[in-house]
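I have placed the structure first, in the form of structure tokens, so that the comments after it can refer back to it.
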Amino acid sequence: MLRLTCPHCGVTAEETELTPGGEAHLRRAGPDATDAEFESYLFARKNPKGVVFERWRHAHGCGKWFIAARHSVSWQVFGTYPAQTTEPPADLIETIRAAIPTWEGWQ
Amino acid sequence: MSDMVSALNGARFEGFAEITETGLCGMVQIRADLASAGLAQALGGLGLSVPGRRAILSAGDLELGWMSPDELMLFCPRDRAAAITQQLAQALGGEHAMVLDVSDARVRFSIRGEKADQVLMKLCPVDLPTLPQGEIRRTRAAQTAVAFWRVDGGLDLIAFRSVAGYVMGLLKHSARPGAELF
Ligand SMILES: [Zn+2]
């Protein structure tokens with residue numbers, strides 16, 4: 001069972017109270033993008049065996065979007081933060097590096 | 001004018017806890033910047049203040065709950081909902097805010113008795129023993145969104161009116177005599 005703490009309302013919500021929103025921190029391919037770049041933006045996901053950044057909505061709660069960093073194998077949760085950002089908070093990146101020194105970074 | 005009727009017209013059920021649809025209940029939704037001085041002032045006019053995160057507070061026959069970082073829900077007698085909505089909307093005229101009378105879009109239940117918690121333990125992914133007095137908890141009951149909080153003698157719960165029958169069914173089934181957890 002996955003439990004994530006919503007950074008907006010502070011509730012530690014069980015997975016069924018949340019709606020998944022897919023990979024976080026996607027960058028939209030611009031108007032000058034090639035077909036291949038746009039296809040990649042639409043369909044290609046990292047889906048790593050390791051640290052994932054995911055969008056979640058506290059749908060049966062405060063209704064707000066947030067981002068969770070967790071491990072796709074161990075399900076260890078490193079942290080959550082509001083979705084109104086373009087990159088993970090620095091202290092969370094430190095936390096993940098401390099836990100997984102071989103981590104290749106979020107980008 | 002036609003008579004106003006609540007979703008289930010005060011339906012009741014006696015099981016190991018007592019379930020009641022509480023009848024007409026005023027609910028006013030407030031969307032605003034919760035940190036704004038204007039909001040504090042507008043609520044002050046009703047003898048209320050801005051509740052902290054997930055808190056529900058009361059003053060006289062009014063209750064005010066924190067629903068999200070930009071949303072509050074005010075509970076009042078049904079016949080005061082329109083006037084309170086107007087009063088708040090006027091007071092918040094200069095703010096980026098919205099006040100809406102949602103009384104007819106919601107339903108309220110009371111769950112009473114020593115084992116009231118157990119009715120919701122079976123329906124909601126919430127650790128009831130750690131729910132303090134004065135907190136309003138939004139979650140789901142089976143498949144639908146609800147919010148509940150502690151009151152004298154048990155819990156009160158709100159849901160959308162469109163699922164009132166479904167929620168009453170859940171609560172009745174959960175509270176069936178002999179179906180207590182412990
Ligand atoms: Zn939340």
Side-chain angles (χ1 to χ4, degrees), chain A residues 1-26 52-93 95 106, chain B residues 27 29-35 50-57 64-73 98 100 102 105-106 120-132 134-150 157-160 162-163 166-167 170:
Chain A
M1 185 171 78
L2 182 63
R3 296 167 81 229
L4 299 172
T5 300
C6 171
H8 299 287
C9 69
V11 162
T12 297
E14 188 262 342
E15 188 179 344
T16 62
E17 210 171 279
L18 307 164
T19 302
E23 185 178 319
H25 301 304
L26 295 180
V52 291
F53 290 83
E54 292 167 320
R55 303 170 72 233
W56 289 90
R57 180 170 174 259
H58 195 186
H60 281 114
C62 70
K64 302 298 181 193
W65 284 96
F66 65 91
I67 297 173
R70 67 179 181 97
H71 198 284
S72 61
V73 178
S74 68
W75 283 30
Q76 178 183 359
V77 176
F78 302 108
T80 56
Y81 50 99
Q84 289 75 19
T85 178
T86 52
E87 55 186 76
D91 58 336
L92 177 62
I93 291 175
T95 302
W106 67 279
Chain B
M27 298 192 209
Q29 184 185 50
I30 303 159
R31 287 273 190 180
D33 173 1
L34 301 192
V50 181
R53 190 159 81 159
R54 297 205 312 278
I56 181 163
L57 44 86
L64 184 63
W66 187 99
M67 300 295 275
S68 90
D70 57 4
E71 182 185 346
L72 304 175
M73 183 73 83
M98 186 178 74
L100 206 59
V102 295
R106 302 285 189 282
L120 295 182
M121 279 178 194
K122 292 191 262 179
L123 300 171
C124 308
V126 173
D127 188 19
L128 265 295
T130 62
L131 180 77
E135 172 168 337
I136 180 165
R137 177 67 155 87
R138 297 181 73 177
T139 182
R140 66 178 177 87
Q143 299 184 53
T144 192
V146 298
F148 53 76
W149 62 99
R150 294 194 184 285
L157 177 145
I158 57 167
F160 289 110
S162 57
V163 291
Y166 172 79
V167 174
L170 291 176

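In the text below, chain A, chain B and the rest are named by the order of the sequence lines, each starting its count at 1. Predicted model, so just to flag it, every value in this text is computed and none were measured.
Within a 6.0 Å sphere centred on CZ of A:Arg3, heavy atoms belonging to other residues, nucleotides or ligands number 12 at most.
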Enumerate, atom names and distances included, each donor-acceptor pair closer than 3.5 Å involving a side-chain atom of residues 62-70 of chain A, sequence neighbours excluded.
unit_1  : atom_1 : unit_2  : atom_2 : d
A:Lys64 : NZ     : B:Asp70 : OD1    : 3.1
A:Lys64 : NZ     : B:Asp70 : OD2    : 3.0
A:Arg70 : NE     : A:Glu54 : OE1    : 2.7
A:Arg70 : NH2    : A:Glu54 : OE2    : 3.0

Enumerate, atom names and distances included, each donor-acceptor pair closer than 3.5 Å involving a side-chain atom of residues 81-92 of chain A, sequence neighbours excluded.
unit_1  : atom_1 : unit_2  : atom_2 : d
A:Tyr81 : OH     : A:His25 : NE2    : 2.7
A:Thr85 : OG1    : A:Glu87 : N      : 3.3
A:Thr85 : OG1    : A:Glu87 : O      : 2.9

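Among the candidates A:His60, A:His58, A:Glu14, A:Glu17, the single residue satisfying the side-chain hydrogen bond (donor to acceptor under 3.5 Å, both in side chains) test with B:Thr139 is A:Glu17.
Both the backbone and the side chain of B:Arg140 have a heavy atom closer than 4.5 Å to some heavy atom of chain A.
When all heavy atoms are compared, the tightest approach of B:Arg137 to A:Thr12 is NH2-O, 4.3 Å. Here the closest heavy-atom approach between residue A:His8 and residue B:Pro69 is recorded as CB-CG, 3.8 Å.
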